[in-house]
Protein chains: 2
Amino acid sequence: MEKGKQAVCQTHCLHPEKLDKAREAMEPDERLARLAELFKTLGDFTRVRILQALSIEELCVCDIAALLDLSQSAVSHQLRLLRAAQLVRYRKEGKIVYYALDDDHVYTLFTQGIEHVKEK
Amino acid sequence: MEKGKQAVCQTHCLHPEKLDKAREAMEPDERLARLAELFKTLGDFTRVRILQALSIEELCVCDIAALLDLSQSAVSHQLRLLRAAQLVRYRKEGKIVYYALDDDHVYTLFTQGIEHVKEK
DNA sequence: CCTACATATGAACATATATTCATATATTAA
DNA sequence: TTAATATATGAATATATGTTCATATGTAGG
């Protein structure tokens, strides 16, 4: 994505002052990259349903699979991604593993999204 | 994803009361699907950068391409997705098209995400 | 030890998606 | 009209990603 990029507009439409201002105020790329990763993790139907379920109640892997009609494997794989994104935490009780939302911040972000969707 | 799904756990680990409670409180699938789409649209580095830029200032397509060092085509394609998700709006002034965040709700969702990322 | 069971994970496959390239559309000016 | 320019878009390609299948890991009980 760094080479083929042809000549963008001539000059007429460019607004140097705006660009300067924007350049200054931009968040660092590294932070934006992590933000994109966070949203990407949230951006899947299966994962959204899992998070919704966990926002109601702590559940074990089997509960989630049964509730959402998914295979145990599929759920496990998705939980791994959610764990990596620090969106869920877990505790083990014998062979059973219970998952829950990691913190209220996740809940807030999630419900904020719900509100947005409801309004459209 | 509806057939191979093997036998989930036997019964020992299932929590019927929890499942009932969760089933009742779950948002409708259609809403969760739209939420996933929303997050998916937000979940891309290029689009996140575009939104960040627009959260600072209204910009034309050329401005965005120059600011983020992207081809005009790539920017246009992404703006199409952002438009479809109602995350940005635009106004035309001659041949120049200016884009801006669609509303404060988007801004809130976006900054909320930034906060989350900053804290980790 | 061995068996059963809950969960995790690697590989393969099928699908989705982001960018590039080429080209189309729309607007202004001559 | 024709030329120039800003933006949009279709097709192709390369990469990413979600699910399945098979299997591994970890834990409890006999």
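Letters go in sequence order (proteins before strands), and every chain restarts at 1. This is a predicted model, so every value here is computed, not measured.
- Scanning atom types as modelled, one donor and one acceptor separated by under 3.5 angstrom connect the side chain of A:Ser73 and the base of C:dT9.
- Contact check, B:Lys92 against C:dA26: no side-chain N or O comes under 4.0 Å of OP1 or OP2.
- Heavy-atom contacts from other residues, nucleotides or ligands closer than 6.0 Å to OH of B:Tyr98 number more than 12.
- Distance CZ (A:Phe45) to P (D:dG18): 14 Å, rounded to an integer number of Å.
- Note: CD1 (B:Ile50) to P (C:dA18) measures 11 Å, nearest angstrom.
- Toward the 5′ end of DNA chain C lies the nearest nucleotide of B:His12, the other residue of the pair A:Arg80 and B:His12 mapping further downstream.
- Between the CD atom of A:Glu37 and the C1' atom of D:dA16 there is a distance of 11 Å, rounded to whole Å.
- Taking atom CD1 of A:Ile96 as the reference point, atom C1' of D:dT27 lies 11 Å away to the nearest angstrom.
- The separation between B:Leu82 atom CG and D:dT9 atom C1' is 16 Å, rounded to whole Å.
- One can place OH of A:Tyr90 at 12 Å from C1' of D:dG26, the figure rounded to the nearest angstrom.
- In this structure, A:Ser76 contributes its side chain and A:Ser73 its backbone to no donor-acceptor pair below 3.5 Å.
- Between B:Tyr99 and the options B:Arg83, B:Glu58, B:Arg91, B:Arg89, a side-chain contact (heavy atoms from CB on, under 4.5 Å) holds for only B:Arg83.
- Below 30°, between 30° and 60°, or above 60°: for B:His116 and A:His105 the angle between ring planes is above 60°, a perpendicular geometry.
- OP1 or OP2 of D:dT25 has not a single side-chain nitrogen or oxygen of A:Lys95 nearer than 4.0 Å.
- Each of B:Arg83 and A:Cys13 was matched to the nucleotide of DNA chain D holding its nearest heavy atom; the match closer to the 5' end belongs to A:Cys13.
- Distance, A:Leu70 CG to D:dT20 P: 8 Å, rounded to whole Å.
- An OP1 or OP2 oxygen of C:dT19 is reached within less than 4.0 angstrom by a side-chain nitrogen or oxygen of B:Thr46.
- The shortest distance between the side-chain N/O atoms of A:Ser76 and the OP1/OP2 oxygens of C:dT7 is not below 4.0 Å.
- Within 4.0 Å of B:Leu14, counting heavy atoms only, lies no atom of the nucleic acid at all.
- For the pair A:Arg47 and B:Tyr99, nearest-nucleotide mapping onto DNA chain D gives the more 5' position to B:Tyr99.
- B:Lys40 has a carboxylate O that lies under 4.0 Å from a charged side-chain N of B:Glu37, or vice versa, which qualifies the two as a salt bridge.
- The base of D:dA8 lies close enough to the side chain of B:Gln72 for a donor and an acceptor atom to sit less than 3.5 Å apart.
- Note on B:Ile64: nothing from the nucleic acid sits closer than 4.0 angstrom, heavy atoms only.
- A distance cut-off of 5.5 Å between ring centres, combined with a plane angle under 30°, leaves A:His77 outside any stacking arrangement with the base of D:dT19.
- Distance B:Tyr98 OH to D:dA8 C1': 18 Å, rounded to the nearest Å.
- At D:dT17, none of the side-chain N or O atoms of A:Gln78 fall inside 4.0 Å of OP1 or OP2 (strictly under the cut-off).
- Look at A:Lys21 and A:Glu17 and you find no salt bridge, because none of the NZ, NE, NH1 or NH2 atoms lies under 4.0 Å from a carboxylate O.
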